[in-house]
Amino acid sequence: TPIDERFFALLGELQQVRANTRQMLTTCGQQTSGVDILHSTGEVLEVAYERLFVWVQQQCRGLEHAQLLQSLARGDAPGLRGLKRAL
């Protein structure tokens, strides 16, 4: 599943399920069911956060790469300035 609006909508729904489950635990006493739901949804949430973390890293690397290419094209990349001075 791509990281898009649907991903964030599903993430929000998952967090709502967890909030509802916590409420159920405090009011209904459904300990076994509630704990099982929290455990299962916690695992799914962890995977979702890991995917989001990797996606953010990739987006940042892409921006850094694009900025470096733009700097090189303009001739003002930090390393390029030092090389010009040395020559």
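Reckoned from all heavy atoms, side chains included, excluding hydrogens, waters and symmetry mates. A quick note: this is a predicted structure, and the numbers were derived from the prediction, not measured.
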A quick test of your reading: do over 12 heavy atoms of other residues, nucleotides or ligands sit less than 6.0 Å from CD of Gln57? yes
Test side-chain contact (heavy atoms from CB on, under 4.5 Å) on Val54 and Glu50 and set out the steps. CA-CA 6 Å; Val54 169; Glu50 287 175 8; 5.7 Å; no
Please name the pair of heavy atoms, one in [X] and one in [Y], separated by the smallest distance, quoted to 0.1 Å.
| X | Y | value |
| --- | --- | --- |
| Val35 | Leu25 | N-CD2, 4.2 Å |
| Arg18 | Leu38 | NH1-O, 2.8 Å |
| Ala48 | Leu11 | CB-CD1, 3.9 Å |

Derivation and outcome, side-chain contact (heavy atoms from CB on, under 4.5 Å), residues Thr41 and Thr21: CA-CA 10 Å; Thr41 56; Thr21 302; 5.9 Å; no
Is there a side-chain contact between Glu13 and Val17 (heavy atoms, below 4.5 Å)? no
Sequence neighbours excluded, which residues qualify as side chain to side chain donor-acceptor pair (under 3.5 Å) partners of Asp36? none
Single-linkage hydrophobic cluster, 4.5 Å side-chain cutoff, Ile3 and Val56 together: yes
Quick check against the 3.5 Å criterion: does Thr26 have a side-chain atom that pairs as donor or acceptor with the backbone of Gln23? yes
Roughly how far, to the nearest 0.5 Å, is CZ of Phe8 from CG of Leu52? 5.0 Å
